[in-house]
Amino acid sequence: MNNPDPRQQTDFHYRLHATDGAARLGEVVTPRGVVRTPAFMPVGTAGTVKGMYPEQVRDLGADILLGNTYHLMLRPGAERVARLGGLHELMRWPHPILTDSGGFQVMSLAGLRKMSEKGVTFRSHIDGAYHELTPERSIEIQGLLGADIQMQLDECVRLPASRDEINRALQLSLRWAERSKRAFEAQPKGRALFGIVQGGDDAELRTQSARGLIDIDFPGYSIGGLAVGEPQAVMLAMLEVVTPILPKDKPRYLMGVGTPDDIIESVARGVDMFDCVMPTRAGRHAQAFTRFGKINLKNARHADDPRPLDAESDCPAARDYSRAYLHHLVRCEEMLGSMLLTWVNLAYYQSLMAGIRAAIAQGRFEAFKAEVKEGWARGDI
Ligand SMILES: CNc1nc2cc3c(=O)[nH]c(N)nc3c(CCc3ccccc3)c2[nH]1
């Protein structure tokens, strides 16, 4: 197990600096650095934020990255990452890293899955080899990777689902939360394990899940089981049930969310941390996120447009390259097209988070929310 530098042994904790309605401004303090919240966490699935250098991601204002237990356990393997000094060392990212437990990815990526009380067995989508993921093994893997913030193993039910199905998965996840926490005690101090609230779209079950996790007690709480195809209204309704129950002095992480609109509406309902593949994945599909909404650079209307995406952006990819050139690159499927649009999108997401944090600090979050929505509605002129 690679230990963070003992000199940096500061305990994991959350500091609440200001609120504006239910929106919160704060910091998550970890041994490897501080995460300013509300925070957007770029996803580095296989140990890389696709198409970006780590320094570039850092320069955009990202304080923390996500790694994926499922992908890294299959390739290059958790023990190999540990032998190479851990994920921070391997990917040259000295700042905080959060890893998921892998269960969600098993259900969406692996073949031949078998769930039991013990855990889940599955076949790798890469080479068909059999693997087992239990709460204990998931924590061991996350420890070998060296993640600063780790997730319990849980079962995320796809919506729509019956109340019985949602309840069964919620109860299993609570038992796995206990086992994950026990296994986590073997890890070096300073790291944090988050419980994950389940309960689908049922207010009663969401309440039961949150209360059950609080009884077990975690330094932070993830809100799972959402961004799985439900309407935004359902997701927001579940936040209104769950966030008032969760402790105010601990961070709330809404998993897999989301669009800029999802994020700003979720901040308004007390969420501190977000992750989503959207800005990076959209960048590889010719989609640009801007202050004026989304722009599809594949569209022929851009072929002769000499303007940059956003002349006022401080991101060179949005400020210095013409739409005509970006259109050309995506049409030719040149790798620079994906790289520039990924840069544009992550820059936009981080600037949105910086704007949100400043607005909460100044007590003008509602006004800020209205301004950004008005920009998106105005569309691209
Ligand atoms: C896109 N929507 C989405 N909904 C999710 C729900 C859950 C959930 O209920 N439980 C767990 N454990 N993870 C979830 C994830 C994956 C988030 C992630 C991806 C990559 C790296 C690190 C973290 C979700 N993602």
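Just so it is clear, the model here is predicted, and its values are computed rather than measured. Read the numbers this way: they start at 1 and go in the same order the structure lists the ligands and their atoms.
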Subject >> Closest approach of Lys50 to Thr342 (non-hydrogen atoms, all atoms of both residues) >> reply: O-CG2, 3.6 Å

**OP:** Using non-hydrogen atoms of the residue, decide whether Ser222 is closer than 4.0 angstrom to ligand 1.
**Re:** no

Original post:
Can you tell me the protein heavy atom closest to atom 7 (C) of ligand 1 and the distance?
Top reply: Phe104 CD1, 3.5 Å

Original post:
For atom 2 (N) of ligand 1, what's the nearest protein heavy atom and its distance?
Top reply: Ala227 O, 2.9 Å

Subject >> Numbering as shown, the atoms of ligand 1 that approach Asn68 to under 4.0 Å (heavy-atom distance) >> reply: 20 (C), 21 (C)

Subject >> Atoms in ligand 1 flagged as close to Asp154, the criterion being non-hydrogen separation under 4.0 Å >> reply: 8 (C), 9 (O), 10 (N), 11 (C), 12 (N)

**OP:** Give the C-alpha distance, both sets of side-chain angles, the deciding distance and a yes or no for ring-ring contact (aromatic ring centres under 6.0 Å, His included) between Phe40 and Phe274.
**Re:** CA-CA 5 Å; Phe40 178 78; Phe274 299 89; 7.9 Å; no

**OP:** Look at Arg36 together with Asp63 and state whether they make a salt bridge at an N to O cut-off of under 4.0 Å.
**Re:** yes

Original post:
Transitively linked via ILVMFWY side-chain contacts under 4.5 Å: Leu133 with Ile126?
Top reply: yes

Original post:
Which ligand 1 atoms are under 4.0 Å away from a heavy-atom of Tyr253?
Top reply: 23 (C)

**OP:** Give the numbers and elements of all ligand 1 atoms closer than 4.0 Å to a heavy atom of Ser101.
**Re:** 12 (N)

Subject >> Candidate pair Lys298 and Glu333, rule salt bridge (charged side-chain N to carboxylate O under 4.0 Å, His left out), full reasoning >> reply: CA-CA 10 Å; Lys298 266 214 182 90; Glu333 295 184 358; over 6 Å; no

Subject >> ligand 1 contact on Gln105 by region, counting heavy-atom pairs under 4.0 Å >> reply: side chain

**OP:** Consider ligand 1: state whether an atom of it lies below 4.0 angstrom from any non-hydrogen atom of Met255.
**Re:** yes

Subject >> Candidate with minimal heavy-atom separation from atom 11 (C) of ligand 1, of Thr45, Val197, Ile97, Asp100 >> reply: Asp100

**OP:** Return yes when Met41 approaches ligand 1 closer than 4.0 angstrom through a heavy atom, no otherwise.
**Re:** no

**OP:** Answer yes when Glu89 and Arg92 have at least one side-chain N-carboxylate O distance shorter than 4.0 Å, and no when they do not.
**Re:** yes

Subject >> Shortest heavy-atom approach to atom 4 (N) of ligand 1 - which of Ile196, Leu226, Val228, Thr99 >> reply: Leu226

Original post:
Short N/O distance, under 3.5 Å, between Gly225 and ligand 1?
Top reply: yes

Original post:
When you check the gap from the basic side-chain N to the acidic O, do Lys373 and Glu265 get nearer than 4.0 Å?
Top reply: yes

**OP:** Answer with yes or no whether the hydrophobic clustering places Leu309 together with Phe292; edges join I, L, V, M, F, W, Y residues whose side-chain heavy atoms lie under 4.5 Å apart.
**Re:** no

Original post:
Is Arg323 salt-bridged to Asp310, going by a charged N under 4.0 Å from an acidic O?
Top reply: no

Original post:
Can you find an N/O atom of Gly224 closer than 3.5 Å to an N/O atom of ligand 1?
Top reply: no

Original post:
Got a salt bridge between Glu165 and Arg168, using NZ or NE/NH1/NH2 to carboxylate O under 4.0 Å?
Top reply: yes

**OP:** Output the list of atoms in ligand 1 that are nearer than 4.0 Å to some heavy atom of Asp275, sorted by atom number.
**Re:** 17 (C), 18 (C), 19 (C)

Original post:
Going by distance only, is there an N or O of Gln152 that falls short of 3.5 Å from an N or O of ligand 1?
Top reply: no

